[in-house]
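Below is one structure, written out as structure tokens; the observations come after it.
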Amino acid sequence: TYGVAPITLGATASSGLTVTYLVTSGPATVAGNQLTITGTGSVTVQASQTGNDNYNSAPLVSQTFTVNPLPVALSGTRNYDGTATAAAAILTIGNNLDGVNLTLSGSATLAGSGQGAQSFSSLAGLTLGGSAAGNYTLTGASGSVTITALPVQLSGTRVYNSSTTADYSILSVANAVSPDAVSVASGSGTLAGA
């Protein structure tokens, strides 16, 4: 899978001579016996042993394997709004190895709309973009969105009385999400001025 740690290659020759490696095709590099994956697709690595005064060169041996895209790990936080959607703008790709070369657009569907951690029920509305998008996939993606309580906006009207106190009885919640019924049940607030 793309993003895997460098792979230590371990070919041996019966002569005991050093085996060297070459990436003959595909998105990978090799330094010594360390193979680093740089993209997705088919990779072919060739092993060789050149021989010496006592041994002939060994036949070249190639191995081919497929590098699969990395499933993204998504997370995000937003205020409660009564919907079960998560816009790409609030989502972070936690395992993004390519920075600005990987983008996300669209929106996902969440398992629920209430406060707390909501898992994804569908990622069909999301699209990966950018020059590195081919190295990642939404298939098998993981993560959740944390929905936080919506801070209320209060409003009210009263006759001037020189007090900076606003009793709960005159206050109403201006931004309640329909069809939620929310009211101020008790207490008072302090105003900036009388």
Side-chain angles (χ1 to χ4, degrees), residues 1-6 27 36-40 67-194:
T1 302
Y2 177 72
V4 70
T36 301
I37 303 300
T38 59
T40 57
V67 180
N68 293 318
L70 176 64
V72 293
L74 301 172
S75 64
T77 301
R78 70 162 173 81
N79 285 338
Y80 169 75
D81 66 2
T83 70
T85 60
I90 69 147
L91 297 175
T92 300
I93 302 172
N95 56 349
N96 179 358
L97 306 174
D98 294 284
V100 297
N101 296 320
L102 179 64
T103 61
L104 189 65
S105 60
S107 64
T109 303
L110 302 173
S113 62
Q115 183 180 357
Q118 296 290 345
S119 60
F120 295 102
S121 63
S122 174
L123 301 173
L126 291 175
T127 303
L128 294 169
S131 61
N135 294 330
Y136 299 85
T137 182
L138 291 165
T139 302
S142 61
S144 64
V145 170
T146 300
I147 298 178
T148 58
L150 177 65
V152 295
Q153 296 173 0
L154 301 176
S155 64
T157 303
R158 70 169 167 82
V159 175
Y160 171 76
N161 64 4
S162 77
S163 169
T164 59
T165 300
D167 187 72
Y168 80 94
S169 62
I170 68 160
L171 298 174
S172 62
V173 178
N175 64 334
V177 175
S178 180
D180 298 344
V182 183
S183 62
V184 182
S186 64
S188 62
T190 301
L191 302 173

With no hydrogens and no angle check, is any side-chain donor or acceptor of Tyr136 less than 3.5 Å from a backbone partner on Tyr2? no

Closest approach of Pro71 and Thr1, non-hydrogen atoms and distance? CD-CG2, 4.4 Å

First locate atom CG of Leu74, then atom OG1 of Thr92, and finally report the distance between them rounded to the nearest 0.5 Å. 8.5 Å

Under the 3.5 angstrom rule, does the side chain of Ser107 hit a backbone N or O of Gly125 as a donor-acceptor pair? no

Applying side-chain contact (heavy atoms from CB on, under 4.5 Å), run through Val72 and Leu126 and close with a yes or a no. CA-CA 12 Å; Val72 293; Leu126 291 175; over 6 Å; no

All heavy atoms of Ser122 vs all of Ala124, minimum pair found to be OG-N, 3.2 Å

Under 3.5 Å: donor-acceptor pair, side chain of Ser121, backbone of Thr109: yes

Donor-acceptor under 3.5 Å (Gln118 side chain, Val145 main chain): no

Interatomic distance, CG@Leu104 vs OG1@Thr127, rounded to 0.5 Å, equals 8.0 Å

Can you tell me how far apart CG (Leu128) and OG1 (Thr137) are? Round to the nearest 0.5 Å. 7.0 Å

Do any N or O atoms from the side chain of Thr38 and from the backbone of Pro27 form a donor-acceptor pair under 3.5 angstrom? yes

Calculate, to the nearest 0.5 Å, the distance between atoms CG and OG1 belonging to Asn79 and Thr77 respectively. 9.5 Å

Going through the distances and angles, do Thr157 and Ile170 end up as a side-chain contact (heavy atoms from CB on, under 4.5 Å)? CA-CA 6 Å; Thr157 303; Ile170 68 160; over 6 Å; no

Could you pull out all residues at least two apart from Tyr168 that satisfy side-chain hydrogen bond (donor to acceptor under 3.5 Å, both in side chains)? none

Working to the nearest 0.5 Å, report the span between CD1 of Ile93 and CG of Leu138. 8.0 Å

Minimum heavy-atom separation for Val173 and Ala176, please, with both atom names. CG1-N, 3.8 Å

If every non-hydrogen atom of Leu123 is compared with every non-hydrogen atom of Ala108, which pair is closest and at what distance? CD2-CB, 3.9 Å

Which pairs pass salt bridge (Lys or Arg N to Asp or Glu O under 4.0 Å) with one or both residues in residues 70-80, sequence neighbours excluded? Arg78-Asp81

Ser144 and Ala117: which non-hydrogen atoms are nearest, and at how many Å? OG-CB, 4.3 Å

Can a donor-acceptor pair be found, under 3.5 Å and without considering hydrogens, that links the side chain of Asn96 to the backbone of Asn101? no

Of the non-hydrogen atoms in Leu191 and Ala166, which two are nearest, and what is the gap between them? CD2-CB, 3.9 Å

To the nearest 0.5 angstrom, please state how far the OG1 atom of Thr83 sits from the CG atom of Leu110. 7.5 Å

Please identify each residue that fulfils side-chain hydrogen bond (donor to acceptor under 3.5 Å, both in side chains) with Ser169, with sequence neighbours left out. Asp167

Could you walk me through whether Asn135 and Leu97 satisfy the side-chain contact (heavy atoms from CB on, under 4.5 Å) test, starting with their C-alpha distance in whole Å, then the side-chain angles of each, then the deciding distance to 0.1 Å, before giving a yes or no? CA-CA 10 Å; Asn135 294 330; Leu97 306 174; over 6 Å; no

